[in-house]
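See below for the structure under consideration.
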Amino acid sequence: MRILFISIAIFSVLLLMYLLYILNKKKNRLNDVLRRILLYAMLGVSANIIIASGDNRLLNNICFAIYFASINFITYHLLIYCLIYTNRQRFEMFVTKIYKYVILVDAVSLFVSVWSKTMFTMYTMVIDDGTLAFQTRPTPLFNIHLLLCYLPIVFGMGSLFVSTLQSHSFYKIKYFSVFSAIVSIVILNIVYMMFNLPFDWSVLFYGAAAFFLFYISNFYVPKKLMNKTLNLAVDSMKEGLLLFDAERNCIYINKTARRTFNIDKDALTPSDYPLSVWLKGKDKKSAEEFVETFDMEMDGAIHSIRVDFKHCHSKKYHILGSFFLFEDITEDVNLMKSLEEARAEAYKANAAKSMFLANMSHEIRTPINSILGMNEMILREATDKNILEYAGDIDNSGNALLSLINNILDFSKIESGKMEIKPEEYCVYQLVRECYHLVAPRALIKDLPIRIECDENVPKTLIGDMSRIRQVLVNLLTNSVKYTKYGHVGLKLLWEETSQDTGKLTFTVSDTGQGISEDDINRLFRVFQRVDEDHNRNIEGTGLGLAICRELMTMMNGTIEAESSKGIGSKFTVSLPQKIADHAPSGTFSLSEKEEKKRDKYRESFHAPDAKILVVDDIELNLKLIGALLKKTRVQITTAEGGNKAIEFCEKEKFDLILMDHMMPTPDGVETMEKIKSMGGHNSKIPFIVLTANAIEGADKTYLALGFDGYLSKPVLGADLEAALKKFLPEDKIKD
Ligand code: ADP
């Protein structure tokens, strides 16, 4: 019998060690307390083993005391556990402080009782094999010890009980499960003690209690709470959810789904739910996963419902269940529709804007064409100094207006992605000279010298879009002149070869002007953004120039950067990769070449007195202008005010070339050309050149595709007009 007890006890210690090992894996304050309970339980059982295996009275007495002390510690820790679990920190601190003294009193009283033999009846029980064993049979004095020992458990349970009563029904499970665990252990212990067994195994019950509590507080309660919370969360989802088991019975349906399908949980069994019926009607293979959107009538309105049907699989890909997740996306669909409509509206508005810009370009360019053209006549023919001065002013303002329109047009082209970069061969120094001459007059008025410094090694001819680079440089130089009162403006050119055929061209435009503050520098390249408005109020500008520069540089794979110090000056640096056409170095830079091309040295480039041309335009002033521009070439000009007149002339006369406006009252330029061509005869084969104010990107290609042989945009320059005529008139009629 004794051997049996010892074996059970050793097995129990091993079991407790194993539990301790499991508990060690999850470390927190509660588990720390439980770990201690297990340690005391191991200590108590070990003491029991010694008592059962030895007959030495002193040793047995000591072990007996150890055994009772360990129960003391266990119940004390159970109380601590309950107080921590129910968040009663203040009580916990109090118990921690006083309990040591209670245990001390109990230990002393136990010791005295043992020696005075008043407490226990020792060696009273004879076990089958004749040995005597300790008994924990209570005597009246022992009851005091029992009280001190079990009072903490009573308090602990009290604390759990109060928390169970006080907590929200949702959380009752948390406290009640621990409460019931302790109650059942205590009841088991009491029942066990009533059996008059030779050994006291209470300590083992508390060891089991520790592990039980570990399981409850770490797994059971969190899982229960999680399930409850999940239920609440799934019920408050705006998506509907239905879960099915492998037999396709509905095992869960959330609130949204119940509401959507009008399911009365009490009236319908889960297998009668609409989707269960649908699912049960499918064989396993045809019930494949899908995501689809259906239209459904609900509350008298059509709703768009997105359904997601999926299976839950085991690791071996067996179907364990399925779920429907569906969402009422009517609002999203409506939003998408209105976004689509808004987008279409925006497209329309953008198209209207482009149309407006094209029209504006046409409408404004046409009168400017006349003004600048007629003014050029005055500049060529007038001799009176005053008149020449006025005409010069008209020329300046007209050109400024033209450049403003060009800026707006450029920007609209960039915005609509219609701006093209057209690389061609160009002479770098020629580019610098043109930039200089375009800005010089303005700098001269302000008495600002423009200092040019060029890297002599820059190749003579490069490949790039010269007109766009010029546009950027002229913009930067013009700004420098505009925003500088004293000092100078500088243009520096640097060249760095990056490979056999390519290099990096860097221009630096600097000035000693008013500068830009650090804050403003970051806003500089934004559209319509003018900075330092107080100072610049009197300086004309739109805030578009730098934004266009930046876009153009990006399109040419280049960069543009600004540095500036307020009151000291600004520096803009543009760098762009260019291909080399002619490797010969440009050498020393000089401004001289341009001098030969001055305006007042105008000379007609050819004479063609035998050539006959027809000019068609609905505006008389334009007809006059062409006549004036071509006067010195001595070409014979017939003018037709409108398409019908032109057709009439063509029936009677033969021409060598026709200059045709496009936008005219019916028939317009294109219709007139088509009519003349379809009439047959000599005039059907002659070149037609369209002369139009439509300057939007790609206009030239459009007109050539329509059947014209050449394209000239208004306002037309005398030189361009002469060049076109020289190209298309019969060679034998051209004389130098
Ligand atoms: P704007 O037509 O107004 O000149 P820009 O886009 O070319 O438009 O320039 C934007 C703003 O940047 C200008 O309004 C001016 O305040 C500032 N700015 C540009 N260049 C200079 C410069 N060289 N010195 C001082 N301020 C400048």
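Any value given below was found using the heavy atoms of this structure, including those in side chains, with hydrogens, waters and symmetry copies removed. Every number for a ligand or one of its atoms is a count from 1 in the order of the listing.
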Sub-4.0 Å heavy-atom contact, Gly513 with ligand 1: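 No, Gly513 has no heavy atom closer than 4.0 Å to ligand 1.
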When you measure from the heavy atoms of Phe525 to every atom of ligand 1, does any distance fall below 4.0 Å?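 Phe525: no contact with ligand 1 (<4.0 Å).
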May I ask you to list the atoms of ligand 1 that are less than 4.0 angstrom from any heavy atom of [X]?
X	value
Phe572	20 (N), 23 (N)
Asn475	7 (O)
Lys482	1 (P), 2 (O), 4 (O)

For Val474, is there any backbone N or O sitting under 3.5 Å from a side-chain donor or acceptor partner on Thr478?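 Yes: the side chain of Thr478 pairs with the backbone of Val474.
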Taking Val616's backbone N and O only, do any of them form a donor-acceptor pair with Asp661's side chain (distance below 3.5 Å, no angle check)?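 Judged by distance alone, no pair lies under 3.5 Å.
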Does an N or O from Leu546, backbone or side chain, lie closer than 3.5 Å to an N or O of ligand 1?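 In this structure, Leu546 places an N or O atom under 3.5 Å from an N or O of ligand 1.
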Polar contact flag for Gln514 and ligand 1 (N/O pairs, less than 3.5 Å):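 N/O-N/O distance below 3.5 Å does not exist for this pair.
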Proximity of Leu476 to ligand 1 by residue part, where a heavy atom lies under 4.0 Å: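 Near ligand 1, Leu476 shows nothing, with every heavy atom at 4.0 Å or more.
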Any idea how Tyr703 and Tyr711 line up, ring-wise: parallel (<30°), tilted (30 to 60°), or perpendicular (>60°)?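 The rings of Tyr703 and Tyr711 lie parallel, inter-plane angle below 30°.
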Within the 4.5 Å heavy-atom criterion, are Leu379 and Leu388 side-chain neighbours or not?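 SC-SC contact between Leu379 and Leu388 confirmed.
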Using only heavy-atom distances, determine whether the side chains of Glu434 and His437 contain a donor-acceptor pair under 3.5 Å.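 Absent: no donor and acceptor within the cut-off.
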Please identify which of these residues, Leu372, Leu691, Leu659, meets the side-chain contact (heavy atoms from CB on, under 4.5 Å) condition with Val716.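 It is Leu691, the one option of Leu372, Leu691, Leu659 that forms the side-chain contact (heavy atoms from CB on, under 4.5 Å) with Val716.
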